[in-house]
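Below is one structure, written out as structure tokens; comments come after it.
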Amino acid sequence: MSWKLGTLKWRELFLPRYHDKSALQMYWTKHKKKWLYQPISYYQKQEKAWRHWLYIHQTNIQNLPNYVYLPISSQFLFNCTPPWIWQSRIYMDLILAFDYFTLSQVSHLLQEHYISSDLFPLITTTYHPVQEYLHLLVQLGILKMVEKNGYIVKRTTV
């Protein structure tokens, strides 16, 4: 049952409307089948591959610390890679594995995700995304900058 907006009175907008449960079930089933048979988008494939990578490393998204999900302003320089994917790589492959690492190690680890800033001539950014993220980790007390491009891991949890 539907109502035309022009024919409704103000009070009728707030009255409970009961719908036929079988029609709702049929609608839900139709949309569920449509969703099931759609091809997986690139983003979902990337998410699935990332979760598989976490599984191989014997962890899951619940075990990742909150600082793996930090937003950064220069994120656009990563090739459609959500921040939690490349940030979890830094966490798992460097922060948990080493007491000390350098910016060049991080850049080498993430080189496949990075896009050149030359592709965005109208956008000026003072930070490289990796530098911006590592700076946030220094501010949070996770890392300590010891040289121009060197970092010591102070702690792995917030």
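Remember, predicted model here, so these are calculated numbers, not experimental data.
The closest side-chain heavy-atom distance from Asp93 to Leu109 is below 4.5 Å. Looking only at side-chain heavy atoms (C-beta outward), Val146 and Tyr151 stay at 4.5 Å or farther from each other. By the 4.5 Å heavy-atom criterion applied to side chains, Glu47 and Trp84 are counted as neighbours. Side-chain contact between Ile152 and Leu143 is absent, with no heavy atoms from C-beta onward closer than 4.5 Å.
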Requested in this report: Step by step, work out the side-chain contact (heavy atoms from CB on, under 4.5 Å) result for Leu54 and Asn60.
Outcome: CA-CA 6 Å; Leu54 288 174; Asn60 59 47; 5.6 Å; no
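Leu94 and Val106 get closest at one heavy-atom pair: CD1-CG2, 3.4 Å. Shown here for Gln46 and Pro82, the closest heavy-atom pair between the two residues is OE1-CD, 3.5 Å. Across all non-hydrogen atoms, the minimal contact from Tyr67 to Gln87 is O-OE1, 3.5 Å. A pairwise comparison of heavy atoms in Pro129 and Trp86 identifies O-CH2, 3.9 Å as the closest pair.
Residue Lys148 holds its NZ atom at 13.0 Å from OG1 of Thr102, rounded to the nearest 0.5 Å. Interatomic distance, CG of Asn149 versus CG of Leu134, reported as 9.5 Å (0.5 Å rounding). Rounding to the nearest 0.5 Å gives a distance of 12.5 Å between NZ of Lys144 and OH of Tyr100. Between the CD atom in Gln105 and the CG atom in Leu110 there is a gap of 11.5 Å [rounded to 0.5 Å]. Note that the CG atom of Leu70 and the CD atom of Glu132 stand 10.0 Å from one another [nearest 0.5 Å]. In this structure, CD1 on Ile90 lies 13.0 Å from CD1 on Ile142, to the nearest 0.5 angstrom.
Judged purely by atom type and a 3.5 angstrom limit, Asn66 has no side-chain atom pairing as donor or acceptor with the backbone of Tyr69.
No more than 12 heavy atoms of other residues, nucleotides or ligands shown are found within 6.0 angstrom of CG on Asp99. Around atom CE of Met26, no more than 12 heavy atoms belonging to other residues, nucleotides or ligands sit under 6.0 Å away. Open room surrounds CD on Gln58; 12 or fewer heavy atoms of other groups in view lie less than 6.0 Å from it.
Every residue two or more places apart in sequence or in another chain was checked for a ring pair (Phe, Tyr, Trp, His ring centres under 6.0 Å) with Phe98, and none qualifies. With sequence neighbours excluded, the residues satisfying side-chain contact (heavy atoms from CB on, under 4.5 Å) with Met92 are Trp53, His57, Thr59, Leu64, Leu96.
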